[in-house]
There are 2 protein chains.
Amino acid sequence: MEADRWLGLDLRHLVALKAIADEGSFGRAAEKLGYTQSAISQQIATLERIVGLRLIERPGGPRPISLTEAGSILLRHADAIQARLLAAKADMSALEAGDAGRLRVGTFQSVGAKIIPRLLRRFSESHPQVEMVLRESQDESELLEMIERGDLDVTFWTLPVAAGPYETVELLHDPYVLVVPSDSPLAALERAPTLKEIVLHPIIGFNHCSAMDHVESQLSSTGRSPNIVFRSDNNGTVQGLVGAGVGLAVSPKLTVDEDDASVAVIDLHGRIPPRVIGLVWHSDRHRSAAAEAFTESALAVCRELAAEPAAA
Amino acid sequence: MEADRWLGLDLRHLVALKAIADEGSFGRAAEKLGYTQSAISQQIATLERIVGLRLIERPGGPRPISLTEAGSILLRHADAIQARLLAAKADMSALEAGDAGRLRVGTFQSVGAKIIPRLLRRFSESHPQVEMVLRESQDESELLEMIERGDLDVTFWTLPVAAGPYETVELLHDPYVLVVPSDSPLAALERAPTLKEIVLHPIIGFNHCSAMDHVESQLSSTGRSPNIVFRSDNNGTVQGLVGAGVGLAVSPKLTVDEDDASVAVIDLHGRIPPRVIGLVWHSDRHRSAAAEAFTESALAVCRELAAEPAAA
DNA sequence: AGCCAGCGATCAGCTTCCATGATCGCAAAG
DNA sequence: CTTTGCGATCATGGAAGCTGATCGCTGGCT
């Protein structure tokens with residue numbers, strides 16, 4: 001590695017570049033960062049001297065500036081570097097908080113019922129020294145944000161995950177089932193009802209979440225939009241309404257209570273593609289031994305769940 | 001983003017950390033970087049002040065130092081950041097060299113014969129303004145190193161690629177074929193010869209490369225190691241020797257000359273898994289329009305090649 | 001046992017670098 | 001033509017960082 005001028009590169013330079021790109025002018029960038037306009041101007045000057053290329057086009061006068069091609073390419077690298085630094089910072093403060101034995105796990109409503117209790121029991125028995133912090137969110141996307149900010153170590157998620165600095169592992173395929181009143185004619189059918197048949201009935205839905213959106217778009221693909229007469233996030237409420245004959249529900253199998261005699265649960269045999277439940281974590285963050293062990297436990301538990309459909 | 005002490009972090013700090021980890025002592029790291037031991041000591045001190053954690057364990061006296069857990073975690077981030085900086089630097093110097101229209105492509109011997117000429121003609125017709133620089137290497141792994149150093153923009157490669165900062169695209173599956181003298185009894189068989197039958201004969205091989213290693217390990221898996229009587233990297237030589245009855249050859253189909261009447265080419269029907277030819281580029285580097293277009297052209301050409309096995 | 005070699009920490013001093021604040025040049029809008 | 005907003009430039013003061021010397025420590029060598 002030659003001793004070149006790149007060693008003089010400072011993080012402040014990259015931050016300044018980003019601020020200018022965001023704010024659209026040297027002055028506002030300076031204000032945002034708590035510097036003088038002069039300072040920013042000089043920072044960019046030295047940055048341009050370091051890379052040897054003009055990064056920002058200044059047309060002069062009150063006309064707005066713009067990034068050159070080199071500028072926008074460098075900006076992408078700068079973003080990546082800043083993201084990595086944030087990850088490093090999160091790792092460090094996690095360590096500082098004595099996190100050898102703390103694991104913050106994100107979950108959402110519908111994953112909870114069957115997997116979580118079993119997993120928690122298993123994991124806390126095999127790793128009693130790990131303190132688990134469960135964070136359940138109504139708003140799924142919030143979980144990913146927390147992963148990105150370093151507020152969570154790992155989260156459950158329905159795969160695939162959006163593009164981003166994530167690593168994932170697939171835990172299990174959770175098929176959708178139809179929940180109908182136990183005396184419904186649909187329950188007496190030998191075959192699984194088609195989507196067209198289902199969409200003729202009133203539907204009890206969950207509140208909007210990625211799983212529900214998925215179901216509704218599938219139902220809408222029949223050409224007829226489903227008639228959602230009620231929404232609740234509480235599975236007990238949903239099944240109660242179904243049992244009372246208010247409508248049908250399409251639920252992930254893992255969320256339904258199969259012991260409820262007032263309803264019948266009908267396998268849809270893949271008429272709606274199953275949701276895939278997985279774990280997601282930040283690809284840039286350090287992966288603690290506790291997190292690895294948790295992933296292993298989750299995989300084991302889900303393998304068991306998949307192997308005992310008899311309970312269904 | 002709070003104005004925290006992390007903004008005071010300097011690249012030199014991370015470089016120093018890496019140097020210490022590599023060299024095993026402050027003094028040698030200082031020497032390597034052209035500083036005094038004092039400077040390194042102070043740099044690490046401020047770095048530790050910034051992150052708020054002890055990064056290096058100094059047992060005192062002549063005992064060797066070691067990274068703490070925080071230190072090794074931070075080092076991994078530092079490595080990633082340095083790698084990203086190198087990519088940025090490579091992008092900048094490429095741009096500086098006026099690379100809007102230059103594309104440096106790596107190839108190796110056996111990919112050349114069928115794909116390259118056609119691809120070059122096609123691409124230079126559709127993108128006449130792009131100056132192509134072809135770099136053929138005998139030593140395949142050198143190509144990946146050049147990608148990593150930024151000396152190449154994209155290279156052909158036999159997938160899968162080793163772990164690293166790479167992105168890939170699959171171009172085509174190139175099956176292995178058996179080349180025998182045209183009067184060989186093997187050529188008269190109705191079925192493809194088995195590996196056991198092949199390995200009984202003397203073999204003309206290519207010099208060691210990933211493709212040849214692959215073939216040899218497959219042949220050895222019969223329990224009998226192949227008898228390689230000659231090696232050459234020139235396909236004409238290999239086929240000439242086969243035609244003269246010196247031995248058989250197992251070659252990737254794309255490299256053989258099917259018009260050579262002195263030999264017969266026999267499809268192995270997947271008895272040896274085909275090699276997969278793809279393009280590889282650096283995931284951190286900027287991907288120029290020329291590179292994208294080149295990938296598209298390569299895909300198109302390879303789709304055509306796959307669709308006309310009649311020529312075989 | 002005692003000396004020595006090797007290592008990192010520390011300190012004072014000097015140099016270098018960088019942000020500041022004021023000023024200038026420029027071009028579009030009024 | 002003046003005003004206004006923006007970036008460039010310059011001199012200056014202050015902070016940060018490197019140097020060179022010195023100290024304290026510990027394990028191995030004699």
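Numbers restart at 1 for each chain; the letters A, B, ... are given by sequence-line order, proteins then strands.
Between Arg58(B) and the phosphate of dA9(C), there is a side-chain N or O to OP1/OP2 separation shorter than 4.0 Å. Contact check, Ser41(A) against dA8(D): a side-chain N or O comes under 4.0 Å of OP1 or OP2.
Applying the 6.0 Å contact sphere to CD of Glu23(B) captures more than 12 heavy atoms from other residues, nucleotides or ligands.
Using a 4.5 Å heavy-atom threshold, the side chains of Leu9(B) and Leu47(B) count as touching. You'll find the side chain of Ile56(B) reaches within 4.5 Å of the side chain of Phe26(B), heavy atoms only.
Rounded to whole angstrom, the span from the CD atom of Glu57(A) across to the P atom of dC6(D) amounts to 18 Å. Atoms CD1 (Ile40(A)) and P (dC18(C)) sit 13 Å apart, rounded to a whole Å. One interatomic measurement links the two molecules: NE2 of His13(A) to C1' of dC17(C), which rounds to 10 Å at whole-angstrom precision. Between Gln43(A) atom CD and dC17(C) atom P there is a gap of 15 Å when expressed in whole angstrom units. Between Leu9(A) atom CG and dC17(C) atom C1' the separation is 15 Å, expressed in whole Å. Counting to the nearest Å, the P atom of dT16(C) and the CG atom of Leu7(A) are 18 Å from each other. In this structure, Arg12(B) places its CZ atom 13 Å from C1' of dC18(C), rounding to the nearest Å. The nearest whole Å value for the distance from the OH atom in Tyr35(B) to the P atom in dC7(C) is 21 Å.
Of the residues in residues 22-33 of chain B, none has a non-hydrogen atom less than 4.0 angstrom from any atom of DNA chain D.
Residues Gln42(B) and Thr46(B) have side chains that never bring a donor and an acceptor to within less than 3.5 angstrom of each other.
Judged by distance alone, with hydrogens and angles left aside, the side-chain atoms of Glu48(B) form a donor-acceptor pair with the main-chain N or O of Leu55(B) at under 3.5 Å.
Contact detail for Arg287(A) and Trp281(A): the closest heavy-atom pair is CD-NE1, 3.3 Å.
A salt bridge between Arg104(A) and Asp151(A) is absent, with no side-chain N of the basic residue lying under 4.0 Å from a carboxylate O of the acidic one. Salt bridge present: Arg135(B) and Glu142(B) bring a charged side-chain N and a carboxylate O closer than 4.0 Å.
Interatomic distance, Ile147(B) CD1 to Arg285(B) CZ, rounded to the nearest 0.5 Å: 8.5 Å.
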*Going 5' to 3' through nucleotides 23-30 of chain C, assign each nucleotide B (protein heavy atom under 4.0 Å from a base atom), S (under 4.0 Å only from sugar-phosphate atoms) or - (no protein heavy atom that close).*
---BBS--
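Heavy atoms of Gln42(B) sit under 4.0 angstrom from at least one base atom.
Ranking dC18(D), dT20(C), dC11(C) by closeness to the Ser38(B) side chain, first place goes to dC11(C).
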